[in-house]
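Counting convention: from 1, in listed order, for ligands and their atoms alike. Every heavy atom of this structure was used, including side-chain atoms; hydrogens, water molecules and symmetry mates were not. We're numbering straight along the sequence, starting at 1.
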Amino acid sequence: MNTYAIIGAQWGDEGKGKITDYLSEDVGYVVRYQGGDNAGHTIKFDGKTYALHLIPSGIFRKNTMNVLANGMVINPLALVEEMSMLNQLSVSTDNLLISSRAHVIMPYHHQLDMLYESLKTDKIGTTKKGIGPTYSDKIARRGLRMSDFVSEARLEAHLDESLPFINTLLKTYGFETFDKHSLLHQMKPIQDQLAPLVCDTSKRLNGALKNNDKILFEGAQGTLLCIDHGTYPFVTSSSPTAASIPLSAGIPPQALKHVMGIVKAYTTRVGEGAFPTEIFGEKAESIRIAGNEFGTTTGRPRRIGWLDSVALRHANRVNGFSVWALTLLDVLNGVDSLKICTHYTLNGVMIDELPASDEDLRRVEPVYETMQGFSFDNKNIATYEDLPEAAKVYIEKLEALTKVPVGIVSIGPSRDETLVRPEIMGKHFGGACDD
Ligand code: GDP
Ligand code: IMO
Ligand code: MG
């Protein structure tokens, strides 16, 4: 099977967009299968930077079809805005398909997101994009799917049924309420624009599988934000894991072949929740600045920490990574000494797993191995072998602690700042991109 998954191994923002774009040359399909515009994927090439939230990172490849699959939650207003942003930059969005079964984020879902956050003592720090409330509606079987959104009559019927309850709830807590006619009026041009793109994307992808077309699945968020395997409740409302792909794209489980974990050379987190290896002060600030660690979606400063191999082994256990793509290695340039967390202690006892309870995770103490720092100039690095010895030792430590080989090392945001290890990619990742 010619199928490849790109999965975040941490709390998101690992560089999935960059790696997806890099790998999408000659790919038939790039598929976003979960999440919504809470994601922010940055792509840089030819001196231009693009920030994508909903549209898959294969959009820059003319011969690649980009699919928003059934497991996504889609804000149609944000989608047409993103299409228009790309069109203005001369990027065509003709190669885009939307699943008729994907759920729709309506303006009231943003208000509900804010309402639910306001009622929580321990706030999640959501992106306020309406993700949780839309997935809640889906699971409660009162959601709105794309196939119904693009029909005027069915959208009206949906609003007739759902708005009274939603407005009562919003009004009770002093939030903005919504008028059916204004919503219908606002959505009319969006329905017209999106209707031709809405189809049974599972059928298309199964056809592509039969053809042995190359399909790349682009995860959003990261495994530690997974609704099942993440640091609950400080997570998102979908599963970005490899296991989510068959369900969220409508393909058979055995069709998924290669799984790449994207791991940043250190750790970041936006939003609240336990972060065992978090660091503060000058070192954190210098990494934040060097890595431009400010949210693509919300602009919030990202929290910074050391690489956490306990969390990465957990991510590998639930995803079964074939290889790592290690990103943002250059950001650690000049940091005098580096730390990698090898395991935790909890109540004085050594543990090698992420505790399920957030309360326990807040109390674990990371045990570190200190590593020598390194410094390199990208101008002198054409291949993996050119990296300084200390950088290679750091990479080998990641491989040893996780038992997953590193197939790609990213040393800058641009497409051409990417080092591929052809022997590892050939052996473990179907040889993809061994150019
Ligand atoms: P995603 O959500 O996983 O796609 O990641 P984001 O795009 O939100 O965040 C990753 C950030 O790091 C973006 O600003 C990228 O342009 C940038 N980036 C990706 N890879 C590298 C790298 O190897 N080095 C540096 N310095 N920046 C990178
Ligand atoms: P990409 O795809 C980093 C975080 C939010 C918050 C939690 C829940 O760019 O890696 P939500 O709005 O989803 O209900 O928020 O999840 N979060 C992300 N953090 N990268 C992302 O996506 C994220 N998407 C959601 O900050 O802590
Ligand atoms: Mg991001």
**OP:** Please say which of Phe429, Phe321, Phe217 ends up in a ring pair (Phe, Tyr, Trp, His ring centres under 6.0 Å) with Tyr4.
**Re:** Phe429

**OP:** Indicate the atoms forming the closest heavy-atom contact of Pro107 with Leu77, along with that distance.
**Re:** CG-CD1, 4.3 Å

Original post:
Could an N or O of ligand 2 be found under 3.5 Å from any N or O of Glu272, whether backbone or side chain?
Top reply: no

Original post:
Do Val104 and Pro76 have side chains that get closer than 4.5 Å, going by heavy atoms?
Top reply: yes

Subject >> Heavy-atom nearest option to atom 13 (O) of ligand 2, drawn from Thr236, Ile124, Thr268 >> reply: Thr236

Subject >> Contact with ligand 2 for Gly40, non-hydrogen, under 4.0 angstrom >> reply: yes

Original post:
For ligand 2, which atoms have a heavy atom of Ala39 less than 4.0 angstrom away?
Top reply: 1 (P), 2 (O), 9 (O), 22 (O)

Subject >> Side chains of Leu328 and Glu293 in contact at under 4.5 Å (non-hydrogen atoms) >> reply: yes

**OP:** Spell out, as yes or no, whether a donor-acceptor pair under 3.5 Å connects the side chain of His41 to the backbone of Asp21.
**Re:** no

Original post:
Can an N or O of Arg300 be found at a distance shorter than 3.5 Å from an N or O of ligand 2?
Top reply: yes

Subject >> Proximal ligand 2 atoms for Ala220, defined as those under 4.0 Å from one of its heavy atoms >> reply: 2 (O)

Original post:
Short question: side chain of Ser136, backbone of Gly132 - any donor-acceptor pair under 3.5 Å?
Top reply: yes

Original post:
Going by the atom numbers of ligand 2, which of them fall below 4.0 Å from some non-hydrogen atom of Asp13?
Top reply: 1 (P), 3 (C), 9 (O), 10 (O), 20 (N)

**OP:** Examine ligand 2 and decide if any of its atoms is less than 4.0 Å from a heavy atom belonging to Arg302.
**Re:** no

Subject >> Qualifying residue for side chain to side chain contact (heavy atoms under 4.5 Å, CB included) with Ile166, from Leu169, Thr168, Leu170 >> reply: Leu170

Original post:
Under 4.0 Å between a Lys/Arg side-chain N and an Asp/Glu carboxylate O for Arg415 and Glu25?
Top reply: no

**OP:** Find all atoms of ligand 2 within a distance of less than 4.0 Å from any non-hydrogen atom belonging to Thr127, and give their numbers and elements.
**Re:** 11 (P), 12 (O), 15 (O)

Original post:
Quick one: do Glu117 and Lys120 make a salt bridge, cutoff under 4.0 Å?
Top reply: no

Subject >> Min N/O separation Ile131 to ligand 2 under 3.5 Å >> reply: no

**OP:** Could you tell me whether a side-chain N or O of Lys16 sits under 3.5 Å from a main-chain N or O of Gln221, the two making a donor and an acceptor?
**Re:** yes

Original post:
Backbone or side chain, does any N or O of Glu14 fall under 3.5 Å from an N or O of ligand 2?
Top reply: no

**OP:** Could you please provide the protein residues found below 4.0 Å of ligand 1 on a heavy-atom basis, arranged by chain and number?
**Re:** Asp13, Glu14, Gly15, Lys16, Gly17, Lys18, Gly40, His41, Thr42, Thr296, Arg302, Leu328, Asp330, Val331, Ser410, Ile411, Gly412, Pro413

Original post:
For ligand 2, which atoms sit closer than 4.0 Å to a heavy atom of Trp11?
Top reply: 3 (C), 19 (N)

Original post:
What protein N/O/S atoms sit under 2.8 Å from the Mg ion (ligand 3), by chain and number?
Top reply: Asp13 OD1, Gly40 O

Original post:
Which is closest to atom 6 (C) of ligand 2 by heavy-atom distance: Ala51, Gly125, Gly271?
Top reply: Gly125

Original post:
Would you say Lys128 and ligand 2 have an N/O pair spaced under 3.5 Å apart?
Top reply: no

Subject >> Inter-residue atom distance Asn95.CG - Tyr29.OH, 0.5 Å rounding >> reply: 11.0 Å

**OP:** Indicate yes or no: does Asp46 engage Lys48 in a salt bridge with an N to O separation below 4.0 Å.
**Re:** no

Original post:
Is any N or O atom of Thr126, backbone or side chain, closer than 3.5 Å to an N or O atom of ligand 2?
Top reply: no

Original post:
If you measure from atom 17 (N) of ligand 2 to every heavy atom of Asp37, Thr42, Leu225, which option wins on shortest distance?
Top reply: Leu225

**OP:** Closest by any non-hydrogen atom to atom 21 (C) of ligand 2: pick that one out of Val73, Ile227, Asn38.
**Re:** Asn38

**OP:** Look at atom 27 (O) of ligand 2 and say which protein heavy atom is nearest, naming residue and atom and giving the distance to 0.1 Å.
**Re:** Val270 O, 3.1 Å

Subject >> Arg269 contact mode with ligand 2 (heavy-atom cut-off under 4.0 Å) >> reply: neither

Original post:
Do Asp148 and Arg145 sit within salt-bridge range, that is, some charged N less than 4.0 Å from a carboxylate O?
Top reply: no

**OP:** Using a 4.0 Å heavy-atom cut-off, say whether Phe234 meets ligand 2 through its side chain, its backbone, both or neither.
**Re:** neither

Subject >> Per-atom contacts of ligand 2 with Lys16, taking only distances under 4.0 Å to non-hydrogen atoms >> reply: 1 (P), 2 (O), 10 (O)

**OP:** Indicate yes or no: at least one non-hydrogen side-chain atom of Ile340 is less than 4.5 angstrom from one of Tyr394.
**Re:** yes

Original post:
Can a salt bridge be assigned to the pair Lys283 and Asp336 using a cut-off of 4.0 Å between side-chain N and carboxylate O?
Top reply: yes

Original post:
Under 3.5 Å, N or O to N or O, is Lys129 touching ligand 2 that way?
Top reply: no

Original post:
Any nitrogen or oxygen of Ser237, main chain or side chain, under 3.5 Å from a nitrogen or oxygen of ligand 2?
Top reply: no

**OP:** Run the numbers for me: atoms of ligand 2, each under 4.0 Å from some heavy atom of Val235, listed by number.
**Re:** 7 (C), 8 (C)

Original post:
When you check the gap from the basic side-chain N to the acidic O, do Arg32 and Glu82 get nearer than 4.0 Å?
Top reply: no

